[in-house]
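This report refers to the structure that appears directly beneath it.
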Amino acid sequence: MANTNQDPSRLWTFLTLLHSLAGPVLMLLYPLYASVIAIESPSKVDDEQWLAYWIIYSFLTLMEMLLQPVLEWIPFWYDLKLVFVAWLVLPQFKGAAFLYHRFVRENIRKYGLVDGNWKSPSGGKGKGKNKFVDFITNKKGEHEAS
């Protein structure tokens, strides 16, 4: 006859393992697979969803790195992050595209980052940034000609 005391511990071990695998699968493996499929498809709609996902996921990761000391005190942070990323990723919600359109695109247009005419928050043109971009994009020898 099986020992009933071990059954709950085995179930808990299985659930813990499943929980630890859910994060990488949901946050990295599935988006990686879906991004490759999106690139190979002729539609641009899915490209937008996955580009938006990687932008928002990168921002989330950066914020997590900066706020790590604070997040260590929130015991359910990983669970909240998992639910949030599920909302970003799942095709039923398209949360990444929603957040991109609602917040990211608004700020990109506000500061003029898309058309290359970067504006500082004070309203002036960002001449320093344009010089840096010109320096990076121009080939050696083109600076002497101008």
Side-chain angles (χ1 to χ4, degrees), residues 6-143 145-146:
Q6 289 182 350
D7 291 340
S9 67
R10 285 185 184 181
L11 177 63
W12 184 252
T13 302
F14 175 73
L15 290 175
T16 303
L17 177 66
L18 190 63
H19 187 264
S20 66
L21 289 175
V25 168
L26 188 66
M27 293 180 215
L28 297 171
L29 290 177
Y30 177 71
L32 176 65
Y33 169 76
S35 296
V36 170
I37 297 301
I39 287 173
E40 296 301 324
S41 77
S43 172
K44 296 292 180 195
V45 174
D46 51 0
D47 295 358
E48 184 178 289
Q49 162 65 18
W50 294 109
L51 284 170
Y53 171 77
W54 291 113
I55 290 167
I56 292 167
Y57 183 75
S58 297
F59 182 74
L60 176 64
T61 303
L62 288 171
M63 288 298 103
E64 209 173 19
M65 289 169 56
L66 291 172
L67 299 173
Q68 187 62 35
V70 174
L71 295 176
E72 288 176 0
W73 289 93
I74 304 173
F76 48 88
W77 166 247
Y78 185 76
D79 298 320
L80 288 173
K81 180 181 173 184
L82 201 56
V83 169
F84 176 68
V85 170
W87 178 74
L88 291 175
V89 166
L90 293 174
Q92 296 89 336
F93 304 113
K94 295 187 179 173
F98 171 79
L99 284 181
Y100 181 81
H101 286 288
R102 183 71 190 242
F103 299 105
V104 177
R105 178 179 279 167
E106 182 179 302
N107 284 306
I108 287 173
R109 288 184 176 169
K110 179 180 176 182
Y111 294 106
L113 295 173
V114 175
D115 59 1
N117 295 323
W118 183 76
K119 294 181 243 173
S120 69
S122 61
K125 293 282 185 182
K127 301 246 186 238
K129 180 184 180 291
N130 290 338
K131 286 183 181 179
F132 177 75
V133 170
D134 290 341
F135 173 76
I136 295 298
T137 57
N138 286 339
K139 294 183 176 138
K140 189 174 182 175
E142 289 183 14
H143 289 291
S146 54

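Fair warning: this is a prediction, and the values are worked out from it, not measured in the lab.
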Output the distance between atom [atom1] ([X]) and atom [atom2] ([Y]), rounded to the nearest 0.5 Å.
| X | Y | atom1 | atom2 | answer |
| --- | --- | --- | --- | --- |
| Tyr30 | Leu90 | OH | CG | 7.0 Å |
| Leu60 | Ile55 | CG | CD1 | 13.5 Å |
| Thr61 | Lys81 | OG1 | NZ | 5.0 Å |
| Trp50 | Leu32 | CH2 | CG | 10.0 Å |
| Leu67 | Leu62 | CG | CG | 10.5 Å |
| Ile37 | Asp47 | CD1 | CG | 11.5 Å |

I'd like to check [X] versus [Y] (side-chain heavy atoms, cut-off strictly below 4.5 Å). Are they in contact?
| X | Y | value |
| --- | --- | --- |
| Phe103 | Ile56 | no |
| Trp87 | Phe98 | yes |
| Leu21 | Leu17 | yes |

Next item on the list: Let me see the working for Val104 and Phe59 under side-chain contact (heavy atoms from CB on, under 4.5 Å), right down to the final yes or no.
Entry: CA-CA 11 Å; Val104 177; Phe59 182 74; over 6 Å; no
Item checked: Nearest heavy-atom neighbours spanning Leu88 and Leu99 ->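 Scanning both residues, the minimum pair turns out to be CD2-CD1, 3.7 Å.
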Next item on the list: Grab the two heavy atoms, one from Gln49 and one from Val89, that are nearest each other, plus how far apart they are.
Entry: NE2-O, 4.1 Å
Checklist line | Tyr33, OH atom: more than 12 neighbouring heavy atoms under 6.0 Å | finding: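 No, OH of Tyr33 has 12 or fewer neighbouring heavy atoms, counting only those of other groups under 6.0 Å.
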Next item on the list: Would you please classify the geometry between the Tyr53 ring and the Tyr57 ring as parallel, tilted or perpendicular, with 30° and 60° separating the classes?
Entry: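 Taking Tyr53 first and then Tyr57, their aromatic rings lie parallel (interplane angle under 30°).
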